[in-house]
Engineer: 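Got a structure for you, questions after.
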Amino acid sequence: MAGSIQSLERAAAILRLLAGGERRLGLSDVATSLGLAKGTAHGILRTLQQEGFVEQDPDSGKYQLGAELLRLGQSYLDVHELRARALVWADDLARAGGESVYLGVLHKRGVLIVHHVFRPDDTRQVLEVGSMQPLHSTALGKVLVAYDPVARAELQEGGREAFTAHTRTDLDAIDAEAAVIRERGWASAVEETWTGVASIAALIQDRRRNPVGAVALNGPVERVCAEGADGTPGAVRPALVAAVREAARSISRDLGAPRF
């Protein structure tokens, strides 16, 4: 097993030190408490300050925990509350729709899967919690782009790979679809990331109506979509759309969102 990284251990020790006691400490206090040379302590504090994990009072010169730690902590709590509130409804959606269900949140210019309910059959399946999905070509991603300005900005900054012949990569086309998604309240992606796979997703909101994630049902095209007149995949099945939207509403209500 690889050994620990000393600089990271020292940085963690400094954060723990600042989290207790007087909360504001000078450079000498930090160095003495942890048995570090002043130069070493100052270098670590300066790096933590640059990253927003530590702040320095301009008058006293003392250090305290920074706002970035609060943001990360809040993100951790939000994701775990979201997942906890979604467990029952995601299970119900998988049973009702007969397909896999995913819960996703915006993360690093993509969609992080934080919960995955297997398709309720005996086929071999792989747990995808922790995996990433693209913003532009999945139903989860499309919903977040439609409702979350941060997701839209990250989509513009990141790459938009054409995974199949059906993938939309043009920003104008993506924005036009986002407007439709906002109007009807759900998104779909048919063979835009994986050939033979279709998905339907709807937005999850918190008590302040902020977009905090999305829930999606994924399955084979022939089961998620009706058959078109020419034998190609037609529109997604209305019953599945209704089930996904109801799951999203139920999760949102459990998070305190007003009825929508």
Side-chain angles (χ1 to χ4, degrees), residues 19 23 51-53 55 64-94 101-117 129-136 138-158 171 174-189 199-218 241-260:
R23 300 299 178 99
E51 296 298 324
F53 298 131
E55 296 174 355
Q64 64 185 23
L65 295 180
E68 182 66 10
L69 279 176
L70 176 62
R71 189 190 69 80
L72 290 177
Q74 187 62 47
S75 176
Y76 174 86
L77 292 174
D78 287 348
V79 167
H80 281 261
E81 182 184 7
L82 171 62
R83 185 178 183 277
R85 300 288 186 180
L87 291 177
V88 172
W89 302 112
D91 285 346
D92 287 348
L93 177 58
V101 171
Y102 296 93
L103 189 71
V105 298
L106 179 66
H107 181 69
K108 293 184 177 179
R109 299 182 181 177
V111 183
L112 174 66
I113 303 303
V114 297
H115 186 55
H116 174 199
V117 182
V129 172
S131 65
M132 295 288 293
Q133 293 188 5
L135 284 170
H136 67 291
T138 62
L140 285 171
K142 290 181 181 184
V143 164
L144 295 175
V145 168
Y147 288 96
D148 188 342
V150 175
R152 172 59 178 78
E154 293 192 358
L155 175 69
Q156 184 167 354
E157 294 171 2
L171 272 176
I174 292 172
D175 285 340
E177 184 179 17
V180 174
I181 291 168
R182 288 190 293 272
E183 181 178 349
R184 69 188 183 189
W186 55 274
S188 65
S199 59
I200 305 165
L203 183 72
I204 298 170
Q205 296 178 321
D206 66 9
R207 61 185 60 86
R208 296 178 296 276
R209 288 191 177 274
N210 293 324
V212 294
V215 61
L217 180 143
N218 280 39
V241 171
V244 171
R245 296 191 69 190
E246 181 55 34
R249 282 193 289 263
S250 297
I251 298 168
S252 297
R253 285 197 296 269
D254 278 4
L255 287 170
R259 186 175 294 274
F260 67 98

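Quick note: numbers below take in every heavy atom, side chains included, and nothing from hydrogens, waters or symmetry partners.
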Engineer: What heavy-atom pair brings Lys142 and Ser188 nearest, and what distance separates the two atoms?
Structural biologist: NZ-O, 2.9 Å

Engineer: Looking at every non-hydrogen atom in both residues, tell me the closest pair between Val111 and Gly141 and how far apart they are.
Structural biologist: CG2-CA, 3.6 Å

Engineer: Going by heavy atoms in the side chains, are Leu140 and Tyr102 under 4.5 Å from each other?
Structural biologist: yes

Engineer: Taking the side chain as every heavy atom from C-beta outward, state whether Val101 and Asp91 have any atom pair closer than 4.5 Å.
Structural biologist: no

Engineer: Using the rule side-chain contact (heavy atoms from CB on, under 4.5 Å), only one of Asp148, Leu155, Ile174 pairs with Leu135; which is it?
Structural biologist: Leu155

Engineer: Quick one: pull up OG in Ser131 and CG in Leu112 and give me the separation to the nearest 0.5 Å.
Structural biologist: 7.5 Å

Engineer: What are the two closest heavy atoms between His115 and Val117, and how far apart are they?
Structural biologist: NE2-CG2, 3.5 Å

Engineer: Main chain of Ala146, side chain of Arg182: is a donor-acceptor contact present, judged purely on distance under 3.5 Å?
Structural biologist: yes

Engineer: Quick one: do Leu171 and Arg152 satisfy side-chain contact (heavy atoms from CB on, under 4.5 Å)? Show the steps, please.
Structural biologist: CA-CA 10 Å; Leu171 272 176; Arg152 172 59 178 78; 3.9 Å; yes

Engineer: Within this structure, what is the CD-NE2 distance for the pair Glu154 and His136, rounded to the nearest 0.5 Å?
Structural biologist: 14.5 Å

Engineer: Can Ser250 and Arg253 be counted as having a side-chain donor-acceptor contact under 3.5 angstrom?
Structural biologist: yes

Engineer: I'd like to check Val215 versus Trp89 (side-chain heavy atoms, cut-off strictly below 4.5 Å). Are they in contact?
Structural biologist: no

Engineer: Find out whether Val145 and Glu177 are in side-chain contact, i.e. whether some heavy atom of one side chain is under 4.5 Å from a heavy atom of the other.
Structural biologist: no

Engineer: For Glu157, look at atom CD and say whether over 12 heavy atoms of other residues, nucleotides or ligands are found less than 6.0 Å away.
Structural biologist: yes

Engineer: Is a side-chain donor or acceptor of Arg83 paired with a backbone partner of Val114 at a separation under 3.5 angstrom?
Structural biologist: yes

Engineer: Where do Leu93 and Ala247 come nearest, in terms of heavy atoms and distance?
Structural biologist: CD2-CB, 4.0 Å

Engineer: Let me confirm one number: the CD1-CG distance from Ile204 to Leu82, rounded to the nearest 0.5 Å.
Structural biologist: 5.0 Å

Engineer: Quick check for you: to the nearest 0.5 Å, what is the distance between Ile251 atom CD1 and Glu246 atom CD?
Structural biologist: 10.0 Å

Engineer: Say you draw a straight line from CG of Leu103 to CZ of Arg85; how long is it, rounded to the nearest 0.5 Å?
Structural biologist: 13.5 Å

Engineer: What is the distance from atom CE of Met132 to atom NE2 of His107, rounded to the nearest 0.5 Å?
Structural biologist: 5.5 Å

Engineer: Would a distance-only check, ignoring hydrogens and angles, find a side-chain to backbone donor-acceptor pair under 3.5 Å from Ser199 to Asn218?
Structural biologist: no

Engineer: For a quick test of reading the model, state the closest non-hydrogen atom pair linking Ala189 to Ala139 and the distance between them.
Structural biologist: CB-N, 3.6 Å

Engineer: Measure across Gly213 and Leu203 and return the closest heavy-atom pair with its distance rounded to 0.1 Å.
Structural biologist: O-CD1, 3.5 Å

